[in-house]
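Encoded as structure tokens, the structure appears first; notes follow it.
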Amino acid sequence: MTKAGSPDPASETSTSGLAPRLLAEAVRVHEEALGAPLHEPLADEQGRAAGGGLERRIIARAGVLSPAPALRAAFASLRTATHIAFAAGLIAAVIAGSGAARLALGAYDAGPVNFFLALASLLGLHTVMLLVWLVFMLFHPGGAAVGLLGGVVLRLARRIALWLNHGPLELAALRAAGVALANPRLGRWTLSTISHSMWMAYLAGCLGMMLLLLGTRQYDFVWETTILSERAYVAIARALAAPIEFLGFPVPDAAQISGSRWTRPGELFTGRELWGGLLVGCLVAYGVLPRALALLVSLAGLLRARAAYRLDTSRPGFARLQGRLISLAQPVGVVDPDEPETEEAEEAAKPAAAIGGSGPVAIVGLEIEPSAGGWPPVVGDVEWWDLGFAEDRTSRQHIARLLAAAEQPPRAVVAVCSLAATPDRGTGAFLASLVQASPAPVVLVATDGQRLRERTPRGETEQRIADWRTLATHAGIPGERVLDLDLDHLTADSRQRLGRLLGGRSEAHAAAPPAARLAQAFHLITIHAEAWKGEPGMAERAELQRAIARLWEAEGGGAGWRSLLDLRSADLARPAQSLKTAARRMVDLLPARLRLDPRWLAAGAAGGAFACVAAAALVAPVAISALPAWAGLGAALSALVPKRAAPADDNRAIAAVPDLGPAVDAAALFAMLLALQGREETVIGRVLDAAAGTETHLPPLDSPAAVRDRLDGMQARFAEALAAEEAGA
Amino acid sequence: MTRDRAMLRRAALVVAVVGHTNTGKTSLIRTLSRDASFGEVSNRPATTRHVEGTVLLVDGEPLIELYDTPGLEDPMGLLEHLESLRGGRRCDWIEVIEEFLAEPPARFAQEAKALRQVIASDVALYVVDVRDRVLGKHRDELEILGRCARPVVPVLNFTASSDARTAEWREHLARINMHAVAEFDTVVLDETSEQRLFEKMRTLLDSFLPTLDALIAERSRQRTSAVRSAAALVADLLIDVAACRLLVLEQDIDRRDDSLGQLKQWVRQREQDCVGALLELFRFDDDDCEADALPIQDGKWGSDLFSPSSLRDFGIRTGSGAAAGAAAGLAIDAMTGGLTLGAAAALGAAVGALWSGLSSHGRRVADVFRGYTELRVADETLRLLAARQVELVAALLRRGHASQDKLHLQSDAEARRSRWTSASLPEPLREAREHPEWSRFDETGGPGSERGSACERLAAEIAATLNPAGAGAIP
Ligand SMILES: Nc1nc2c(ncn2[C@@H]2O[C@H](COP(=O)(O)OP(=O)(O)OP(=O)(O)O)[C@@H](O)[C@H]2O)c(=O)[nH]1
Ligand SMILES: [Mg+2]
């Protein structure tokens with residue numbers, strides 16, 4: 001807080017002083033109670049216009065908010081209440097003071113007054129409290145709890161204010177004042193000032209009453225002691241009297257002092273006026289003067305503390321206003337606008353020459369990484385002429401030269417680009433030059449779909465393919481000669497497509513009617529689900545998927561799905577690794593919508609992982625849990641198979657009902673994948689998307705009937721989507 | 001002379017952001033300026049087709065001008081063109097480039113805009129997608145930029161991606177004598193990477209030392225203050241919820257569900273308010289986030305706070321006895337006067353402490369005697385609330401303004417979460433349990449000095465979990 005000491009000249013204009021800050025503080029308290037800042041764009045605008053640091057802007061905003069006038073009124077009434085409490089305190093202090101004086105001088109006929117006792121009863125508590133205050137100020141400067149009487153007065157003021165008015169705004173004002181007083185400097189000096197004022201009133205009451213009594217009545221002053229010597233007493237009295245004499249009060253001298261010792265009743269006393277003078281003098285010198293000094297110091301401290309008071313802008317209610325009041329950046333706008341594209345004379349796309357004849361197929365990679373399956377890729381019986389990779393200017397020129405100098409012109413030129421790369425004009429220019437230079441038609445193959453899907457969780461795959469297609473069209477490659485197929489995961493379907501385009505002989509694509517096979521698989525799931533008691537364990541789920549996989553194995557469709565899931569047999573040596581790969585791959589095959597849905601994401605990962613177990617266990621006839629490899633797999637699996645994030649609106653104890661949903665969904669996904677194997681990945685994605693359905697909040701599957709229902713729905717949607725795909729193809 | 005220098009220092013630093021297309025130039029500016037509405041960002045080529053600027057301000061004073069440029073799409077073609085322009089002459093490359101800029105051919109219009117801006121700037125930030133290999137096009141881009149006679153700071157973007165090839169890029173850049181390289185990710189904002197970016201610029205631009213220093217200082221101050229404010233917001237929420245309670249008459253116990261509904265409703269609203277405040281604090285928009293599919297609206301954050309599965313997601317176990325209550329999200333604090341007094345009496349001296357120290361506790365006991373049952377938010381719910389908010393803050397701290405994806409919970413969030421799932425509740429929260437008047441749920445309740453101090457202690461604890469070595473510890 002000490003750093004707030006030096007007032008910042010910039011903020012001393014309209015926003016300076018304590019009042020506007022208190023207002024801002026009250027606005028904050030009010031807004032925090034409302035839960036959100038008031039939405040008043042005009043006020044925000046004013047705050048921004050104020051310029052400078054955050055505090056200045058906050059104050060400016062608070063000053064023009066709609067509750068500001070009411071808050072000001074609340075502060076005014078709070079001030080009134082404080083004044084009332086203060087006045088009441090002063091009056092009470094005066095009364096207390098005069099009462100104390102009366103008591104000290106005692107009843108008129110009670111005999112002589114013991115001077116030192118009277119003095120102690122008048123000034124004793126006062127002096128002790130003053131010393132306490134001093135000690136606290138000197139040795140505990142951080143604490144605000146200085147000034148007991150001040151605290152009492154403020155609490156009284158609070159009561160009065162609450163009693164006068166207690167709407168939310170008044171409460172906010174009150175709390176704001178509390179916050180300000182919690183500031184160590186401000187609180188300390190305020191409390192001190194009030195306390196000292198109270199004590200001054202007390203002393204004034206004392207003094208007044210004392211003068212009145214001494215003026216109108218006759219008191220005798222004596223002193224007495226049991227254990228102290230007379231010499232000591234005289235010395236004390238002289239010491240007390242010296243400064244007072246200096247102030248001009250009449251005081252007794254040493255002889256008069258020793259003469260005033262009480263001896264026996266009825267004695268005549270002298271030097272009354274001297275002793276009276278000493279008493280009044282003591283009150284002034286040891287009461288009024290130090291108090292007045294302390295009061296002045298406190299007043300000065302209070303003034304300085306008020307001027308130095310700053311808002312703590314890291315308080316959440318203030319800090320969150322930053323966005324509205326201080327911009328971190330100021331847009332400049334467009335400085336060099338886009339020129340409307342000069343209509344390039346678009347060459348009429350010459351009808352694409354048919355691909356045919358003999359000769360090899362030239363292949364060139366555009367800024368791609370050699371695929372895992374080797375380069376060039378194996379596609380049926382296509383005979384490749386490898387032109388290498390076009391990476392920079394030299395290699396581009398080299399390729400152009402190779403093509404131009406070809407002895408036997410190629411049947412076609414296949415340019416392979418990566419879907420993970422952004423199609424840019426540079427690549428476009430190269431494609432155009434390739435089309436120009438090539439004696440044969442050019443085909444663009446966009447590979448790396450998997451990497452693109454990994455990179456773009458939001459599923460912008462279609463957009464990227466479309467962008468490449470546009471680029472190719474501009475370069476003179478007709479849209480139908482742009483193929484997106486993953487060279488790392490070639491399916492029977494994609495091989496066939498590429499082969500057909502390149503005019504080679506293609507192997508026949510003979511898949512079993514997928515719908516019928518899927519029906520069998522779904523029936524298997526229902527049978528297994530009926531046998532499960534409660535939620536199935538890892539082994540049971542793997543068992544089910546193995547059974548499903550067997551359906552396809554029988555007709556030789558096993559290799560397809562295993563390569564689709566990257567489950568080449570060699571990898572099974574490292575089970576944990578291939579579990580992960582398969583799960584990952586299965587998830588990647590899901591369309592973006594399903595991947596973002598926790599339920600399907602979990603089903604996909606589980607389906608892939610169990611598929612891996614199924615693949616490993618296909619050949620063995622024993623139960624999966626009896627396989628020796630299983631022991632290690634169990635832990636890896638349970639780490640991999642995510643807990644399903646249940647739809648979360650049912651407050652009843654869900655935990656009690658077993659939910660077969662996760663297991664059924666995973667198995668169904670796996671079965672659908674098997675039914676779709678050999679197709680394009682994009683087709684797979686679309687069909688799965690449709691088959692999954694759109695309901696988001698599914699009840700837990702707790703009975704075989706419910707399982708059958710869900711599977712029937714899925715199967716119907718699957719058949720419909722597949723039919724649509726085939727009609728479209 | 002000195003005045004001139006002062007003027008020079010005041011002048012804003014002009015920065016051109018250049019790079020191949022779709023490498024995150026616009027995103028970089030969004031993140032640096034904390035302005036999610038700057039320009040247009042998409043995962044497609046040639047999204048930005050003009051030069052657009054924004055000025056970074058500190059307390060209203062412009063310090064750095066950032067200019068977004070169209071991507072360099074055909075650097076190979078451009079380099080070839082420049083070389084043909086130069087022919088056999090022996091002049092400086094900058095002259096050739098100026099000649100090119102005077103009359104750029106239409107096919108290089110975008111590249112010309114970018115180069116023009118580079119030449120008009122004090123420094124160029126060359127943004128790279130480090131997931132790419134170092135390809136011919138990148139070499140040619142660096143070559144062209146190297147001929148523009150301006151300092152260039154390569155910014156390796158996408159460094160948080162799993163297939164980032166940061167080392168490969170650094171090696172290549174070092175080979176062509178570029179050693180001041182900044183690593184960045186516009187989506188996963190790392191607290192130090194931004195600072196290091198400015199520091200890298202500083203090494204090349206000593207005339208702008210004060211400007212960059214001022215910006216660095218301001219950014220770190222802002223971050224510290226944001227952490228502190230966020231922790232205070234979360235602490236305030238937790239105290240409010242921990243303290244809140246509802247009194248239900250014993251004979252009305254069958255109408256409890258209404259009261260429960262009321263309390264739940266309030267807690268949810270309170271959490272929503274806190275989320276709103278946090279988003280605003282970090283300068284994220286409510287709708288901006290909706291478009292960004294921030295999981296607050298969908299998925300886990302939007303899910304029901306009180307559902308057992310939601311509790312389970314966060315690894316919070318509901319105790320067996322409390323299971324029924326926890327399923328409803330609320331524990332019915334069936335404290336009976338006799339029980340408490342008996343227990344306290346057994347402890348002997350504790351009785352005095354109980355009655356004198358915790359006057360509100362005394363009131364609670366009295367309430368029970370008057371036939372009231374207390375409904376309060378269960379510990380499990382409180383823990384979940386805390387874990388969610390703390391993770392939200394952590395995620396916001398790491399969220400660049402270029403983000404378009406969902407928030408991904410970072411793995412180190414696990415440590416933070418465990419703080420809320422394992423140990424007993426932090427002491428200030430336990431204290432709040434005893435003070436219903438601290439909760440804003442109670443109309444007349446709310447801030448006070450004792451509550452304030454509890455809040456502060458809790459906030460310090462939260463700030464420490466957020467930032468073990470950093471801002472939390474700064475007094
Ligand atoms: N994960 C991740 N994505 C990023 C990052 N930077 C940019 N992106 C994404 O990359 C894509 C391209 O970002 P832009 O900012 O539009 O790129 P640009 O360089 O301005 O592109 P052009 O204006 O077209 O040249 C967008 O989808 C961004 O969301 C990053 O650091 N990490
Ligand atoms: Mg852009």
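Naming convention: chains lettered A, B, ... in sequence-line order (proteins, then strands); numbering from 1 in each chain.
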- Could you tell me which portion of A/Ala319 (side chain, backbone, both or neither) has an atom closer than 4.5 angstrom to a non-hydrogen atom of chain B? both
- Task: Below 4.5 Å from any heavy atom of chain A, which atoms of B/Asp140 appear? Answer side chain, backbone, both or neither.
- Result: side chain
- Message: Quick check for you: among A/Arg324, A/Arg315, A/Arg451, which has the greatest number of heavy-atom pairs under 4.5 Å with chain B?
- Response: A/Arg324
- In short, A/Trp468 meets A/Ala421 closest at the heavy-atom pair NE1-O, 3.4 Å
- Proximal component of B/Arg44, with respect to chain A [non-hydrogen, under 4.5 Å]: both
- Task: Under 4.5 Å, counting heavy-atom pairs only, tell me which of A/Gly51, A/Gly178, A/Ser327, A/Ala429 racks up the most with chain B.
- Result: A/Ser327
- Check: A/Asp467/A/Thr470 side-chain N/O donor and acceptor closer than 3.5 Å: no
- Determine yes or no for a side-chain-to-main-chain donor-acceptor pair under 3.5 angstrom, with A/Arg57 supplying the side chain and A/Ala50 the backbone. no
- Query: Are the side chain of B/Thr48 and the backbone N or O of B/Thr69 linked by a donor-acceptor pair below 3.5 Å?
  - Reply: no
- Choice from B/Arg34, B/Glu80, B/Glu65 maximising heavy atom contacts with chain A below 4.5 Å: B/Glu80
- Query: CZ/B/Phe38 to OG/B/Ser33 distance, rounded to the nearest 0.5 angstrom?
  - Reply: 6.5 Å
- Consider only side-chain N and O atoms of B/Arg228 and A/Ser314, and report whether a donor and an acceptor are under 3.5 Å apart. yes
- Message: Under a 4.0 Å threshold between the charged nitrogen and the carboxylate oxygen, would B/Arg139 count as salt-bridged to B/Glu143?
- Response: no
- With only heavy atoms counted, which part of B/Gln222 is less than 4.5 Å from chain A, the side chain, the backbone, both or neither? side chain
- Item | Choice from B/Leu278, B/Thr23, B/Leu135 maximising heavy atom contacts with chain A below 4.5 Å | B/Leu135
- Message: Counting only non-hydrogen atoms closer than 4.5 Å, does A/Pro337 touch chain B with its backbone (N, CA, C, O), its side chain (CB onward), both, or neither?
- Response: backbone
- Query: When only pairs under 4.5 Å are counted, which of B/Leu79, B/Ile29, B/Asp129 shares the most heavy-atom pairs with chain A?
  - Reply: B/Leu79
- Message: Between B/Lys137, B/Glu52, B/Glu73, who has the most heavy-atom pairs with chain A when the cutoff is under 4.5 Å?
- Response: B/Glu73
- Item | B/Ala232, part contacting chain A, at a heavy-atom distance under 4.5 Å | both
- Pick from A/Arg396, A/Arg464, A/Glu391 with the largest number of heavy-atom pairs that fall under 4.5 Å of chain B: A/Glu391
- Message: Salt bridge or not between A/Glu31 and A/Arg320? Use side-chain N to carboxylate O under 4.0 Å.
- Response: no
- Query: Is it the backbone or the side chain of B/His138 that comes under 4.5 Å from a heavy atom of chain A, or both, or neither?
  - Reply: neither
- Message: Need one label for A/Arg48: side chain, backbone, both or neither, based on atoms under 4.5 Å from any heavy atom in chain B.
- Response: neither
- Message: Measuring from atom CZ of B/Arg440 to atom CG of B/Asp273, what distance do you get when rounded to the nearest 0.5 angstrom?
- Response: 10.0 Å
- Note on the structure: Under 4.5 Å to a heavy atom of chain A? For B/Phe158 that would be neither
- Message: Between A/Thr313, A/Val332, A/Leu471, A/Leu54, who has the most heavy-atom pairs with chain B when the cutoff is under 4.5 Å?
- Response: A/Val332
- Between B/Asp163 and chain A, which part of the residue has a heavy atom less than 4.5 Å away: side chain, backbone, both or neither? side chain
- Item | Side chain / backbone / both / neither for A/Pro168 at chain B, heavy atoms under 4.5 Å | neither
- Note on the structure: From the list A/Val334, A/Asp392, A/Val179, A/Leu321, the residue making the most non-hydrogen contacts under 4.5 Å with chain B is A/Val334
- Message: For A/Asp338, is there an ion pair with B/Lys113 - N to carboxylate O distance below 4.0 angstrom?
- Response: no
- Of the listed residues (B/Gln269, B/Arg165, B/Glu218, B/Gln117), which shares the most heavy-atom pairs with chain A below a 4.5 Å separation? B/Arg165
- Start with the C-alpha gap between A/Arg28 and A/Glu32, add the side-chain angles, then the distance that decides, and say whether salt bridge (charged side-chain N to carboxylate O under 4.0 Å, His left out) holds. CA-CA 6 Å; A/Arg28 175 181 67 83; A/Glu32 277 177 2; 3.2 Å; yes
- Message: With a 4.0 Å cut-off on N to O distance, would you call B/Arg451 and B/Asp236 a salt bridge?
- Response: yes
- Atom group of B/Arg133 that falls short of 4.5 Å from chain A, counting heavy atoms: side chain
- Heavy-atom distance under 4.5 Å between the side chains of B/His20 and B/Pro75, does that happen here? yes
